[in-house]
Amino acid sequence: MHARVVALTAAAVLATAALLSPTSDARAGDVGKPTVVAHRGASAYAPENTLASIDKAARLGFSWVENDVQRTKDGELVVIHDDSLQRTTNVKQLFPGRAPWKVKDFTAAEIARLDAGSWYSPAYAGTRVPTLKQYMRRIEHNHEKLLLEIKNPQLYPGIEQQTLKLLGNQGWLDQSHLRRLMVQSFSADSIRTVHELRPAITTAYLGMPTVAQLHTYARFTDLVNPSYASLSKGYVSAVHAFDGPHGRPLGVFAWTVNDVAGARRVAGYGVDGIITNKPDVVRTALGSD
Ligand code: G3P
Ligand code: CA
């Protein structure tokens, strides 16, 4: 009887701690096995940053997806990687006189007319650049989890506040959704802003601060996500030695790892996550099939 009371009390304490300090499922992932994140959706198999790419990730059995948010001329948040529409849409054909075809120079209605699938394959003709609202609805429908990158924030003043407002309106800032959400950026200022606006959100800095700088980053970011090319076991250990803003060791998600050898190498370094265009390849490399 006593043991049962102790167990129940311990469970209650843990539940309370979880409520007081939410962290993402990725940060609380399987011990010893990195979380696999489908980069720009399953972008090796479907056009990046489209609803088709996150559907593909879901069909492959992956719940975590990474995507990029930017803003149109008339203030709509859209999911796209480059600051120009040129590479991943037919904008040159539809708007030949509008070079260099920057996202910020086109309205949402104009972008909605673009084909964001044909450049990848005729099979995806007619695929659209999703708005962030459309995208969040599909993520929810697919029961997926989101690593959202605020891309080029210097081009879009206030995009952090606007993004958080949309996430809140879509119901993504409650306790259960916060466990399925991480926000990252190459801009430390942007990540600091997200942390200050909504301290409960799990944040990630894209880059590789020096070890001497890590204590400063640990005030506002939960993860340090570097390119895997320059990563080392020593650096991962150094990052893990710092506690982040939620009192847990800083995490490391390496990107963009698309082959077996690379996945095994960074897993051996002890990374917490692997961001990949080929999540199935990484899963096989980690022996998770
Ligand atoms: O998630 C890491 C990765 O997305 C950063 O690089 O250029 O693909 O946004 P990029
Ligand atoms: Ca990205």
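In listed order, ligands and their atoms are each counted from 1. Hydrogens, waters and symmetry mates play no part in the numbers below; they use all other heavy atoms, side chains included.
The pair K133-E76 fails the salt-bridge criterion, with no side-chain N (NZ, NE, NH1 or NH2) lying under 4.0 Å from an Asp/Glu carboxylate O. Between D55 and R138, at least one side-chain N (NZ, or NE/NH1/NH2) sits under 4.0 Å from a carboxylate O, which counts as a salt bridge. Between R87 and D82 there is a salt bridge, since a side-chain N of the basic residue sits under 4.0 Å from a carboxylate O of the acidic one.
A distance limit of 4.0 angstrom between heavy atoms and ligand 1 selects the residues H39, R40, E66, D68, H81, E149, K151, Q184, F186, L206, W255, I275.
Geometrically, R192 engages F220 in a cation-pi contact defined by less than 6.0 Å to the ring centre and at most 45° from the axis.
Taking W101 as the reference, nothing meets the ring pair (Phe, Tyr, Trp, His ring centres under 6.0 Å) condition, with sequence neighbours excluded.
Atom CD in Q184 sits 8.5 Å away from atom CG in L148 (nearest 0.5 Å).
Applying the ring-ring contact (aromatic ring centres under 6.0 Å, His included) test to pairs two or more places apart or on separate chains, those with a residue in residues 72-98 are F95-F106.
Between the side chain of D272 and the main chain of F253, no donor-acceptor pair closer than 3.5 Å is present.
Around the Ca ion (ligand 2), protein N, O or S atoms at a distance under 3.0 Å total 3; waters are neither shown nor counted.
Heavy-atom contacts from other residues, nucleotides or ligands closer than 6.0 Å to NZ of K151 number more than 12.
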